[in-house]
Amino acid sequence: IFATRTITDTTEFAVFGELTYNFTEWLSVTAGGRWYDTEVEAENWSDGFANGGYTSYKNKQEEDGFNPKVLVEAVLNDDMNLYASAAKGVRIGGINGNLSETLCGDELEDLGINRGETETFDSDELWSYELGFKSSLANNRVTFNAAAYFIDWTDIQQLNRLACGFQYTANAGEAESKGAEIEVAAAITDGLTATLGVGYTDAEITDAGDTAGVSKGDAIQGVPDWTANASLQWIFPMGGSWEGLVRGDANYYGESYSSNNETSAATQRVRDDWAALNLRAGMLNDTWEITLFADNVTDERANLADSRSIAAETPGRQRLVTNRPRTIGLEARMRF
């Protein structure tokens with residue numbers, strides 16, 4: 001019915017560096033940047049009834065640019081520093097797969113889309129601004145860090161789904177993401193340590209860019225609102241050169257929206273919040289570490305992403321990429 005293959009070759013050249021200047025013993029400024037030049041070449045063939053027979057194409061997408069970075073840091077004392085940073089980043093562009101002329105030609109014409117304009121897409125870019133502090137307390141037995149950030153995202157590489165069953169990526173629209181995070185690590189005793197981290201993100205579309213099914217104010221897909229992680233680890237002497245190890249860590253991911261088969265963000269699929277607990281117990285010395293582990297102890301099954309794979313879903317059966325189920329095993333490591 002349909003077969004396709006795309007061979008892609010990406011070449012990237014870059015020059016980057018940074019310079020730090022200390023204005024005083026406590027105030028410094030770092031400035032840097034990265035110049036890049038990228039080239040993406042792709043060769044595609046498609047065949048089958050749904051494609052209207054054999055077709056092929058070769059295409060190239062190339063661009064260059066410069067990403068600056070500035071960091072201001074103030075060391076208030078031996079236990080506390082403040083920082084503010086601004087940096088630009090890009091995600092490399094590329095070449096789309098084939099769109100069937102037989103199935104999609106009329107739809108593209110009705111939408112006023114030139115088929116040639118769907119073959120390539122450019123990089124999208126963002127500016128990231130961050131303000132935070134890093135600190136150590138209780139004679140370095142506790143570290144406490146916090147940060148707030150704002151991200152301005154433009155020329156977003158958005159996936160455009162067509163009713164014909166095919167899809168392509170195009171540059172369209174803008175978005176903003178803002179949030180904060182804190183992290184704490186503590187040495188409770190000489191062998192007992194604990195960590196805790198919490199983050200919040202508010203990410204939404206600020207300009208839909210004429211992308212079908214996307215509206216201003218829509219949540220960015222795949223971004224949970226709340227995230228959290230925690231761990232507790234105990235290392236204790238067992239005799240001779242061996243030490244015992246017991247560790248537990250947990251991760252939490254809040255509710256988010258997924259990229260699905262719907263044509264409108266109004267009906268996009270909600271990904272439920274989920275959590276995973278991992279446990280480890282074992283023994284180690286300078287050479288060996290032998291550990292019994294159990295990952296995803298509660299056997300949580302989460303929607304990590306939707307898998308459209310061109311074809312539509314079977315009614316009542318969502319096509320999902322999920323996490324690994326409960327996994328129990330024995331692991332041995334040797335250091336040399």
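By convention here, the first residue in the shown sequence is residue 1.
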Listed by chain and number, what are the side-chain hydrogen bond (donor to acceptor under 3.5 Å, both in side chains) partners of Tyr36, not counting sequence neighbours?
none

Taking everything shown except Asp106 itself, do over 12 heavy atoms lie less than 6.0 Å from its CG?
no

To the nearest 0.5 Å, how far apart are CE in Met283 and CH2 in Trp242?
4.5 Å

Polar side chain donor-acceptor pair, Thr6 to Asn44, under 3.5 angstrom:
yes

More than 12 heavy atoms from other groups under 6.0 Å of CZ on Arg335
yes

Between Val223 and Ala203, what is the shortest heavy-atom contact and its length?
CG1-CB, 4.2 Å

Between Gln157 and Arg91 (side chain of the first, backbone of the second, donor and acceptor by atom type, cut-off under 3.5 Å), is there such a pair?
yes

Mind checking the OG-CD spacing from Ser128 to Glu125? Nearest 0.5 Å is all I need.
13.0 Å

Quick check: are there more than 12 heavy atoms from other residues, nucleotides or ligands sitting under 6.0 Å from OH of Tyr54?
yes

Go through the side-chain N and O atoms of Tyr252 and Asp273 and say whether any donor and acceptor fall under 3.5 Å apart.
yes

Over 12 foreign heavy atoms within 6.0 Å of CG, Asp299
yes

In terms of side-chain geometry, is the basic nitrogen of Asp218 or Lys216 positioned less than 4.0 Å from the acidic oxygen of its partner?
no

Check whether the ring centres of Phe66 and Phe16 lie less than 6.0 Å apart, and answer yes or no.
no

Taking the side chain as every heavy atom from C-beta outward, state whether Thr322 and Leu304 have any atom pair closer than 4.5 Å.
no

Please tell me if the side chains of Glu39 and Glu63 come closer than 4.5 Å, counting only heavy atoms from C-beta onward.
no

So, does Arg280 use its side chain to make a donor-acceptor pair with the main chain of Arg247 at under 3.5 Å?
no

State, without any angle test, whether Asn96 and Glu119 hold a side-chain donor-acceptor pair at a distance under 3.5 Å.
no

Exercise: identify the closest heavy-atom pair between Ala250 and Leu277:
CB-CD1, 4.3 Å

Short question: side chain of Thr201, backbone of Gly179 - any donor-acceptor pair under 3.5 Å?
no

Phe293 vs Leu279 side-chain heavy atoms within contact, under 4.5 Å:
no

Any side-chain heavy-atom pair of Leu162 and Tyr168 under 4.5 Å:
yes

For Asn81 against Val75, the heavy-atom pair lying closest together
CB-CA, 3.9 Å

Same cluster or not: are Leu71 and Leu82 linked, directly or through other Ile, Leu, Val, Met, Phe, Trp or Tyr residues, by side-chain heavy atoms under 4.5 angstrom apart?
no

Gln233 side chain vs Asp249 backbone, donor-acceptor pair below 3.5 Å:
no

Arg301 CZ: over 12 foreign heavy atoms closer than 6.0 Å:
yes

For atom NZ of Lys134, is the number of surrounding heavy atoms from other residues, nucleotides or ligands below 6.0 Å larger than 12?
no

Check whether any side-chain heavy atom of Asp124 lies under 4.5 Å from a side-chain heavy atom of Trp153, and answer yes or no.
yes

Would you call Lys69 and Glu130 a salt bridge, using N to O less than 4.0 angstrom?
no

Could you point out which residue of Thr118, Thr4, Asn51 forms a side chain to side chain donor-acceptor pair (under 3.5 Å) with Asn98?
Asn51

Can you find a side-chain donor-acceptor pair between Asn323 and Glu300 that sits under 3.5 Å?
no

Residue Trp234 excluded, over 12 heavy atoms near CH2 under 6.0 Å:
no

So, Asn145 side chain and Ser135 main chain: donor-acceptor pair closer than 3.5 Å or not?
yes

Using the rule given for side chain to side chain contact (heavy atoms under 4.5 Å, CB included), can you reason through Tyr57 versus Thr55, listing the C-alpha separation, both sets of side-chain angles and the distance that settles it, and then say yes or no?
CA-CA 7 Å; Tyr57 69 82; Thr55 61; over 6 Å; no

Could you check Arg141 against Asp190 for side chain to side chain contact (heavy atoms under 4.5 Å, CB included), going step by step and ending with a plain yes or no?
CA-CA 10 Å; Arg141 297 186 68 88; Asp190 289 343; 4.0 Å; yes

Rounded distance [0.5 Å steps], CG in Asp78 versus CG in Asn140:
9.0 Å

Is there side-chain contact between Thr327 and Asn296, with at least one heavy-atom pair below 4.5 Å?
no

Co-membership, hydrophobic cluster, residues Leu245 and Phe236, 4.5 Å side-chain
no

Would you say the side-chain atoms of Ser231 pair up with the backbone N or O of Gly248, donor to acceptor, closer than 3.5 Å?
no

Side chain of Asn171, backbone of Asp155: donor and acceptor closer than 3.5 Å?
yes

Do Ser256 and Gln221 make a side-chain contact, defined as non-hydrogen atoms from C-beta onward lying under 4.5 Å apart?
no

Taken to the nearest 0.5 Å, the spacing of Tyr149 OH from Tyr129 OH works out to 15.5 Å

Going through the distances and angles, do Val184 and Val142 end up as a side chain to side chain contact (heavy atoms under 4.5 Å, CB included)?
CA-CA 7 Å; Val184 181; Val142 178; 4.2 Å; yes

Between CZ of Arg5 and CG of Asp47, what distance do you get to the nearest 0.5 Å?
12.0 Å

Between Lys58 and Glu41, does the salt bridge (charged side-chain N to carboxylate O under 4.0 Å, His left out) criterion hold? Intermediate values first, please.
CA-CA 8 Å; Lys58 293 182 180 180; Glu41 295 182 289; over 6 Å; no

Taking the inter-plane angle between the rings of Phe2 and Phe166 on a 0 to 90° scale, is it parallel (under 30°), tilted (30 to 60°) or perpendicular (over 60°)?
perpendicular

With a 4.5 Å limit on heavy-atom distance, are the side chains of Ser28 and Tyr83 in contact?
no

Leu196 and Ala230 have their tightest heavy-atom pair at CD1-CB, 4.1 Å

Evaluate side chain to side chain contact (heavy atoms under 4.5 Å, CB included) for Leu137 paired with Thr143, printing each intermediate quantity in order.
CA-CA 6 Å; Leu137 310 169; Thr143 61; over 6 Å; no

